[in-house]
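Working notes, beginning with the structure itself.
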Amino acid sequence: MLLKFKAMLKPDGAVLLDVFSLSAFNQLAEKHVFEPNLMDGFWSADKYYGFLNTYKYEEEKVMLDKYTIIEKDRTRTIYNWLQYFSPGVLKSEFSNCGFSRIELLGKVAGNKYQNESNDFALIARK
């Protein structure tokens, strides 16, 4: 995907990403929740039962929120995958794809990067 980004950019073009950090990942735990109208009715205007199963994949630094929504006439399963990054790994991935001038920010608004933040931004130029 990074190579596709690079191919689409103009000579001095840039990619801006906002990502979750390993600090955020380390604060998370697996969980299992069941409740009527899970998330205050977010998943349907009708009554439903909602199941949330959260799985943590340590090696990959990935979390999965698996929602099962059971309504009168249908059942749906939604998979929400979230990946978490260290600045070093992300910078290395961009460098390996030929990006240069890689800059870390605290937020996409340009805040200063902070090590313990739950998210951060990265700008990489072609």
Exercise answer: donor-acceptor pairs, residues 79-97 side-chain atoms, under 3.5 Å, sequence neighbours excluded:
from	atom 1	to	atom 2	distance (Å)
Ser86	OG	Val89	N	3.1
Ser95	OG	Lys91	O	3.2
Asn96	ND2	Ser92	O	3.3

For residues 4-29, please give each side-chain donor-acceptor pair under 3.5 Å, one per line with the distance, not counting sequence neighbours.
from	atom 1	to	atom 2	distance (Å)
Asp12	OD1	Arg101	NH2	2.3
Ser21	OG	Ser23	N	3.3
Ser21	OG	Ala24	N	3.3
Ser21	OG	Ser117	O	2.5
Ser21	OG	Asn118	O	3.2
Ser23	OG	Glu116	O	3.1
Asn26	ND2	Leu22	O	3.1
Gln27	NE2	Ser23	O	3.3
Gln27	NE2	Asn118	OD1	2.9

**Request:** Determine whether Val108 and Leu122 fall in the same hydrophobic cluster, where Ile, Leu, Val, Met, Phe, Trp and Tyr are linked whenever their side-chain heavy atoms lie under 4.5 Å apart.
**Result:** no
**Request:** Kindly determine whether Phe120 and Leu104 satisfy side chain to side chain contact (heavy atoms under 4.5 Å, CB included), including the steps that lead there.
**Result:** CA-CA 7 Å; Phe120 64 94; Leu104 293 177; 3.9 Å; yes
**Asked** Is the shortest side-chain N to carboxylate O distance from Arg76 to Glu71 below 4.0 Å?
**Response** yes
**hydrophobic_cluster_shared for Ile123 and Tyr113, side chain cutoff 4.5 Å** = no
**Item:** Rounded distance [0.5 Å steps], CZ in Phe34 versus OG1 in Thr68
**Value:** 11.5 Å
**Prompt:** Centroid-to-centroid, Tyr48 to Trp43, below 6.0 Å?
**Reply:** no
**Asked** Are Met63 and Tyr55 co-members of a hydrophobic cluster defined by side-chain heavy atoms under 4.5 Å apart?
**Response** no
**Item:** Point-to-point distance, once rounded to the nearest 0.5 Å, from CD of Glu35 to CZ of Phe51
**Value:** 11.0 Å
**Prompt:** Would the number of heavy atoms belonging to other residues, nucleotides or ligands and lying under 6.0 Å from CD of Glu30 be above 12?
**Reply:** yes
**Message:** Measuring from atom NE2 of His32 to atom OG1 of Thr54, what distance do you get when rounded to the nearest 0.5 angstrom?
**Reply:** 8.0 Å
**Prompt:** Got Val33 and Leu38 here, is their nearest side-chain heavy-atom distance under 4.5 Å?
**Reply:** yes
**Request:** Compare every heavy atom of Thr77 with every heavy atom of Lys66, then report the nearest pair and how far apart it is.
**Result:** CE-CG2, 3.7 Å
**Asked** Applying the 4.5 Å side-chain criterion to the ILVMFWY set and letting contacts propagate, would Phe99 and Met1 be lumped into a single cluster?
**Response** yes
**Message:** Salt bridge or not between Asp46 and Lys72? Use side-chain N to carboxylate O under 4.0 Å.
**Reply:** no
**Item:** Sub-4.5 Å side-chain heavy-atom contact between Ile69 and Thr75
**Value:** no
**Asked** What residues form a salt bridge (charged side-chain N to carboxylate O under 4.0 Å, His left out) with Lys31, not counting sequence neighbours?
**Response** none
